[in-house]
Every structure is written in structure tokens, then in C-alpha cells.
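Following: one structure in C-alpha cells, then a few remarks.
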Amino acid sequence: MRAEDAVSLAFFAVLFTGVVLFLRALNKKLAADHRNRLQASGWMTIGSALLLLPLVTFWLIRASPRLEIEGSIWAVREPFSSSALSQFNLTSDAGQVALI
């Protein structure tokens, strides 16, 4: 599993937990102080998920490895395919091909 997938899965799990806690606080059979604690826990959990997702995503972007190519670029071409992602082939003057 990629790190991005794990972050997304954790985000939705924490967000879902916060919503469940908040919805449990709507139960009128619970004592008022218990409902208040559940509601506050739900808000804190939802807020934590919404705060941590961009922070962790930014950290993953900053910590990701960068592609380094030395030398002059001979040709840049985009293969024709039906994929939504843009991928380019870089060919150096020595004949080495790197997929970006």
C-alpha cells in the first residue's frame, strides 16, 4: 500500500469515527454531561482529521524523492494513451530513456 493510500484511509477512518461520536451524542437517553463529552469528542476528532490531512500530505510531498537527470535532453515526447496521467519519455543524448 502506498503512503498516499494509507493517509487517505486513515483520514476517512478518523473522520467516520468523529461523525459516529457526534451522532451518538444526539441520543436523548444519555445524561447531559455524557452527551456533551461525546459531542466534544466528535468535534475534536473531526477537527483533528481535517487539520492533519493537509499537514501529512504536505509532509509527504516534501519528503518524496525527486527524479534527477544529468546531461542534455535530446527528446521529450508524450505517449498517446487513454490514461488520465501525463507521462513523458525523456531521451538523453546518450540514448538513455527516463519515464516521468
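- Counting all heavy atoms, side chain and backbone alike, Q39 lies closest to A25 at N-CB, 3.6 Å.
- When the side chain to side chain contact (heavy atoms under 4.5 Å, CB included) test is applied to L9, the partners found at least two apart in sequence or on another chain are M1.
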Exercise. May I have the step-by-step check of side chain to side chain contact (heavy atoms under 4.5 Å, CB included) for E4 and V7, ending in yes or no?
Key: CA-CA 5 Å; E4 296 88 2; V7 168; 5.8 Å; no
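- Of all heavy-atom pairs between L53 and T57, the closest is O-OG1, 2.7 Å.
- Screening V14, L51, V19, L21 for a side chain to side chain contact (heavy atoms under 4.5 Å, CB included) with I46, the sole residue that qualifies is V19.
- Annotation: side chain of L50 is in contact with side chain of F11 (closest heavy-atom distance under 4.5 Å).
- In this structure the side chain of R35 never reaches within 4.5 angstrom of the side chain of L38, judged on heavy atoms.
- A 6.0 Å sphere centred on CZ of R24 holds no more than 12 heavy atoms belonging to other residues, nucleotides or ligands.
- Residues L15 and L23 fall within the same hydrophobic cluster, defined by Ile, Leu, Val, Met, Phe, Trp and Tyr side chains chained together at heavy-atom separations under 4.5 Å.
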